Structure formats: structure tokens, C-alpha cells
Number of protein chains: 2
Amino acid sequence: MNQRLPVQGPQGDLLRLVATGRAESRAELSRLSGLAASSVSLRVEELIDAGLLAEEGAGTSRGGRRPRRLRLSPGAGVLAVADLGAHHVRLGLLDLSGEPLVVEERSCDITDGPRRTLDRIADAFDELLTEHVPPGVPLRGVGTGVPGPVDPVTLRVVTPSRMPGWNDFPVAEHLATRYDLPVLVENDANLMAAGEARWWPGTENLMVVKAGTGIGCGVIAGGRLHRGRGAAGDISHVRVRSDSSTVCACGHPDCLEAYASGAALMTALAEAGVTVTRPADIVTLVNDAVPEATSLVRHAGRRIGEVLTVLVNFFNPDVVAVGGSLSAAEPLLTSIRAAVWERCLPLATRDLEIAPARAGRDAALRGAGALLLEAALTL
Amino acid sequence: MNQRLPVQGPQGDLLRLVATGRAESRAELSRLSGLAASSVSLRVEELIDAGLLAEEGAGTSRGGRRPRRLRLSPGAGVLAVADLGAHHVRLGLLDLSGEPLVVEERSCDITDGPRRTLDRIADAFDELLTEHVPPGVPLRGVGTGVPGPVDPVTLRVVTPSRMPGWNDFPVAEHLATRYDLPVLVENDANLMAAGEARWWPGTENLMVVKAGTGIGCGVIAGGRLHRGRGAAGDISHVRVRSDSSTVCACGHPDCLEAYASGAALMTALAEAGVTVTRPADIVTLVNDAVPEATSLVRHAGRRIGEVLTVLVNFFNPDVVAVGGSLSAAEPLLTSIRAAVWERCLPLATRDLEIAPARAGRDAALRGAGALLLEAALTL
DNA sequence: CGGCTTATCTTCGAAATCGAAGGAAGTGAG
DNA sequence: CTCACTTCCTTCGATTTCGAAGATAAGCCG
């Protein structure tokens, strides 16, 4: 079942251009790859013969002959990806275009430690594979997101705050013992950003804010995921302006997370006598026009927006996409926008779009697919 | 005198690798370009015959035969670059490795408007060229930095605060009428970052803070200059935490610039009865241990550091380089460091280096050269 | 409908690129 | 010093890639 793609350099490039949706025809491949049209035709023929690419009807004309659309052959392979949360893991199989074939959610406790958790994920992968993938279609790559920082060099989890037992654990190596394949391990917010990026074509610089139980942020800079040293995108422990003083779990006063995260809002609601168990419940309360909830969410949005002003001035993105379970609450986005428009430089906000995330619930899985394709379709 | 390089794709790549100092021998060129060693040899031979490359002795052995060092031929051409400030312009000629040949500083008033200012720069270029460049050595590119935001697409200056008459002026087009050559127009802090980048080899993610009359910042992300939509790197109008409330020239309260810029410090010193005319004078005062000056600089450093905490968490750079005329004051760097170490995530500061800028006074000119080489050595 | 324009894809000789093999010029160990 | 080994660079035949030209298939427009 394990089998690397027999695709060398230039062929891999072509395959990747099709897989990532950047090219749909030979002509587009020629334009994007820089290769001559004739060379592309030859290569594509080989890829079709190898069962990796397939022709699928005709595309839309741009004024001349209609292109013959290319797509990855369904039999070319699948990817197995997971997004690990604190209490749940969302996992599934993708085709080589990064489109989900099956997705399911299982409960799992991350505090069980890396071995048991990862093995359970791998078991789930195997189940899905036998159930949904015809024999002969190879698994081409495995990837998982984790709710903590990942060292981009060693692919180990580093000093995660809510993952006891995971510190410095070689996640990728562990998975690699079970799958002799390209393995991806990445922070969940980064995966979400990578997944979101496909929904904003032409957007070179993108920030994706994940407002859920915690507050995460993933960054696309120059069209590529910005990792920094593995911790990039952390905005939850930025100090916010505040009258009172709340100490965050990290030990510092007045972290954004302590005021504007789903967890903080739930605590505040509990103090006001309203009991909720998930951030999504807050959204329900807001939609039911419960004043305490609305006011809290609006406040949280302002706080997030104030932090974003700094980052928008500095990073000057084309788009800020807001996702996560809390983002379904209208007032959140509205007040983020208000804060940013008010305080940012006109030049930075001139063409800035602050919009709801588009990639939906499978954003992280799609992101894992997108990143894996880069690795799995080379060499 | 004007002449484009007769260098197509692959050759241009090779030339650029040598010019930017990334490769010094045929073997390195082969490794970095991905071309076969034999092809590189052929190409290099052609480039030498064309008078663009030259062999220069032998390099140091890596355990085998010593490489024959390659460098750009001194006769291959020069670049003319300028860095425009409010009252001065620093300009000079570079060889095609980006090394300065002549640099001089002239006074000039940016409020004279773009035409007169640019023409004066061009006149200065012509003088330098006739004086310092033998006839036959062609000018290969022209570039200038401006103290305001530049739209990376149109190469026009956009809404500059201190450049009356420059708004939306087509700087590049104006220069292009005089020079039929690649023309570069870029924000001065961005140029400084590009120039600094060469002094931090292996550093993919770099922030360069320029502390002078104003506060600027340039960003290198993934090894490339990050422009955003042209305004990236602006940190001067970030809101800082403050007891009192000072309104900045931009209309917002408590901008970093209003507290920590050289201009703000000079104002504060004047109020304390100490008159200074340039930010460099503040450094002198600090070195003479004038308590008011030291205290002010230390305060400014803290403020800058507090803003940097947000950005370091978010961007997670390898290096923060601090330059500009104020950076020569020891306490500035010290207090920036203190603020960042204190408040940033341990993961973000684990391998972070906060250090004085290395590129010196010609950083911006060198940066202009580095960016121009990318453009001038292609096609 | 029938030219005109635009675009996609293929064919085939010319040109560039590769890669294996080998010579040249070093290092280091015995 | 000699010998094994490494790295750098070139030579030369095999292969790949290019690019101009042509075939094919549309859309546009009176």
C-alpha cells in the first residue's frame, strides 16, 4: 500500500500544479511551469500513461479553443490527514487534489500522551483506508496538526502548554515508523491558514485568525506558510490595554487570551450566571440576543481588533480571514473591523479585506493536504 | 552608456548567484542553480568571454581541488543608487556585486517636490559616472529609496506624511525617461532591511528596526523582502501603553513615534532645557552620561521593545537588527532587549538574536543594489 | 453562415542540457 | 613520499527541451 510517487523533478512540478488547482490545462501548465508547450504535452502524456493524471472533458474557453481539462486520476493515490484538538481529533482521507473523500471526528484525549494518541490516529487511518479506498490505490502521505508549536526542522512538538507528555516528542519519526512515506506535522493554526489560502486565490499575504477555545493565528507571507522558528502566528499572549489586571496561565498579566478567548468568555458568562460548555454555545446565545453574551463577544472582538491593528500595520496583509467556532457570532467580526479601521494606517486598510474564513470545518485537513502535496509530489 | 545586460534566463541566474555572493565557483553555481556542472562550465565560459565574469585566483579547498574563484568583472557595469532623506540624500555607485565604489552625501530638500529632487539626484549620478567610471563600463540600473511608502506595483509614492507634492508621483517612470534601464523605487526602511540581510547569512526571517528621527522597520520573510501592499513594516503608529496621552501628528493618541522617535526625544530634551539638533546629538549626550538623555533613551527603548514583543511573538524572526542614528546609544538596545525577553514567549526568544545592525551607513544603498541586481541581471 | 481572431495542442528538426567518465589539483593518513 | 580519497572542472555522446509551424477547435460578428 505504501509507495512513493515515481515522479522526478519536472514531472513532479506539473503534477503539483494540477494538484494544487493552479493549472487545469496543458496551456496553463506551460505558462506556470515555464516549460515549452511541447514539453508539457510530452510530460502530461507520460503522466496519463502512468495513471496519475486524467483528462476530464473540456474547460471554459478564453476566446479560443477550449482547453482539455486535466485532473489527478482518482486512482493516483490518497492522503491521510488528521487535526488533533484537545478532546477531539478530526481526520480523513483526501484525494491528490486535496479534496476530502471521507472525514470523521472521534473523541480522544490528548493528555494520554503522544504514543497512544498517535497510534489511535493511525488505527483510524487504517480503518478508513480499508473501508473507503479500493486496493491498488496507494497512500501517498500522512499528516497531522497538533494544538501546539512545532519545530519546523525536527518536526517535534516544543513546549506545548496543553499537551503534557508531548514536549520534544518526535511526532514525525513516530509516524514514519508506521508509514514509510512523507510525513507532515504542523501546528493547527498554520494548517488552517494553509487550507484557507486556497480559497483566496491571488492573495499573497494572508492572516487567518482562529477564534475558538483559544486564539490562534496562521500567516501566509508571499504565498507561502510563514513558520518563523515554529512559533510564528502566536497572538494569544500579546498584552492588551486594560483597566483591571488579569493574570494569564502563562504568568504574564493581561494576555489577549485571558480576555478574548472562548475559554475566557465562558468563564465570564459563568460568573454572570450563564453556564455554557462550548464556545459554539456562546454563538447560540448571541443569536438569541442574550445581552451579556453579545456584549462580551463585542468586547472580545475589540480586543482582538486592537491587537490586529499592530499586526496589520506591520504585516500589511491583503486579507484577514476570521475563523474558529466563535467567528460565527456576527458581532465578533464587526467589532474586529471597527477596531482595525479606526486605528490602522489608511494605507494599510485601503485594500484590506477582513472577512469570515471560507474553508469551513475541514480547513486544517485541507491545509495538511496542501502542504503534503508539496512534499509528496516531489522526487 | 545605457545598455541592458545581454543575459537570458539561465545565464542571468548564474550571474546573479555570483553577484549576490551566494556562489564563488563553478561547483557552487552548479549546486545552487541545479544545472549540471558541464552546463555551468559552458555558461561561465560564455559569460567570461562576454566580459561579465572574471576569474580571480583560487579559493579555499574543501578537501579536494581548490575552486577557481569567480567574480563579476569590474568592467561589467555599475549601478547608481540613492537614499533620499528629509534634508539629505546619500548616493553613490556600486559595482555589480553591490559593493560601493563611491558614496557621497548631498543636502537637498525633499519639499522641493519630486521633479527637482529627482533631477538633482540624476545630475549627481551623471557627475559621479563621468568622474569615477571609465568609458565603456555601462550603467546597468538605477534605484532610489524614499522616506515614505511605495506601492510595489506602480512604484509610486503613496500618502507620504513628510513629502508634500510627492503623493502618487510616478517616481520610477520619471527616472525611466532619463535612464532606459531597470529602475528601483523603494521605501528607505525596506532598503535598509535588504542591505542588512546580506550580513546575516542563513537568516530567513529578519526584522530591521531603524531608530533615527523617525522609527522605521523593514522585514525579510523567508529570505525575501516583505512589502505587503507597500506599507509593511510600519511600526511608528502603533499605540503604546501610556499613563498620559499624547496626540501624534497622524491624529491618533499615543503612537510609538510620539514617544520613542528621535524627534520626540529631541522635543523632550528641549523641554528639559537641553537643546539638540540631530538624533546623533542625543547619542553624544548619553555617552557623556547626561542623566536626562540616558533616562529618555532607556524609556524609548522600553517602548520600542514593548511593541516588538507583539511582533516577535507573531513573526518569530531569527534576528532583530537595530540600526539608525539612535542605535549607537547603548541603553537603547539594552532596554529593547529587556522588554522583549521579559514579555515574549520563551519559544519565540529561545534562539532570537537582538543585535546592532551590521551593514553600516550604506545599508540602504547596498540594499538598493541587492534588489536591483535581481532585476538588472535578468533578461 | 463564413471569414477573422484567439487559444489549445501536436509535430519535428535544432539547440541546450545532462551525466558518466576522466583529468587536474588539492588533503590527509600511514 | 606514496596512496587513497575528495573536490573541481572539462570532454563528449545521449537525451531532453525548445520553438516555429501547422493542425484543431473554439468564439465573435456581421
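These numbers come from a predicted model, not from an experiment.
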| query | Hey, does the side chain of A:D362 reach the backbone of A:R366 with a donor-acceptor pair shorter than 3.5 angstrom? | reply |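 Not at all, since once roles are kept as given, no pair shorter than 3.5 Å links the two residues.
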| query | With distance as the sole test, does A:R358 use its side chain to make a donor-acceptor pair with the main-chain N or O of A:W199 at under 3.5 Å? | reply |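 The answer is yes, because a donor-acceptor pair under 3.5 Å joins these two groups.
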Select one nucleotide: of [options], the one nearest the side-chain heavy atoms of [X].
| X | options | value |
| --- | --- | --- |
| B:P67 | D:dC9, C:dC18, C:dC9 | D:dC9 |
| B:A36 | C:dG19, D:dG19, D:dC9 | C:dG19 |
| B:S25 | D:dT17, D:dC9, C:dC9 | D:dC9 |

| Residue pair B:A36 / B:S30: nearest heavy atoms and the distance that separates them |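 Taking B:A36 first and B:S30 second, the nearest heavy atoms are C-OG, 4.0 Å.
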| Closest non-hydrogen atom pair between A:L225 and A:I220, with its separation |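 Minimum heavy-atom contact is CA-CD1, 4.0 Å.
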Spacing of [X] atom [atom1] relative to [N] atom [atom2], expressed in whole Å:
| X | N | atom1 | atom2 | answer |
| --- | --- | --- | --- | --- |
| A:E46 | D:dT15 | CD | P | 14 Å |
| B:L70 | D:dT10 | CG | P | 9 Å |
| A:L42 | C:dC9 | CG | P | 14 Å |
| B:R62 | C:dA24 | CZ | P | 22 Å |
| B:R31 | D:dT7 | CZ | P | 9 Å |
| A:L14 | D:dT17 | CG | P | 10 Å |
| B:L47 | C:dA16 | CG | C1' | 15 Å |
| B:E45 | D:dC12 | CD | P | 13 Å |

| Among A:N316, A:D318, A:N205, whose side chain to side chain donor-acceptor pair (under 3.5 Å) with B:R229 holds? |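 Exactly one candidate clears the test, A:D318.
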Do [Y] and [X] meet the salt-bridge criterion of a basic N to acidic O distance under 4.0 Å?
| X | Y | answer |
| --- | --- | --- |
| A:R68 | A:E56 | no |
| B:R156 | B:D168 | yes |
| B:R22 | B:E374 | yes |

Under 4.0 Å from OP1 or OP2 of [N]: is there any side-chain N or O of [X] that close?
| X | N | result |
| --- | --- | --- |
| B:R66 | C:dA25 | no |
| A:R69 | C:dC9 | no |
| A:R43 | D:dT17 | yes |
| A:S39 | D:dC18 | yes |

| task | Would you mind telling me which residue lines up with the more 5' stretch of DNA chain D, A:A58 or B:S38, judged by nearest nucleotide? | result |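 Residue closer to the 5' terminus by nearest nucleotide: B:S38.
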What pairs of nitrogen or oxygen atoms, one from the protein and one from nucleotides 22-24 of chain D, lie under 3.5 Å apart?
residue: D:dT24; atom: O2; partner: A:R65; partner atom: NH1; Å: 2.9

| query | With sugar-phosphate meaning primed atoms plus P, OP1 and OP2, does B:A37 contact a base, only sugar-phosphate, or nothing at under 4.0 Å between heavy atoms? | reply |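 Counting heavy atoms under 4.0 Å across all strands, the contact made by B:A37 includes a base.
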| Heavy atoms under 4.0 Å, any strand shown: does B:S61 hit a base, just sugar-phosphate, or nothing? |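 Contact class for B:S61: sugar-phosphate only.
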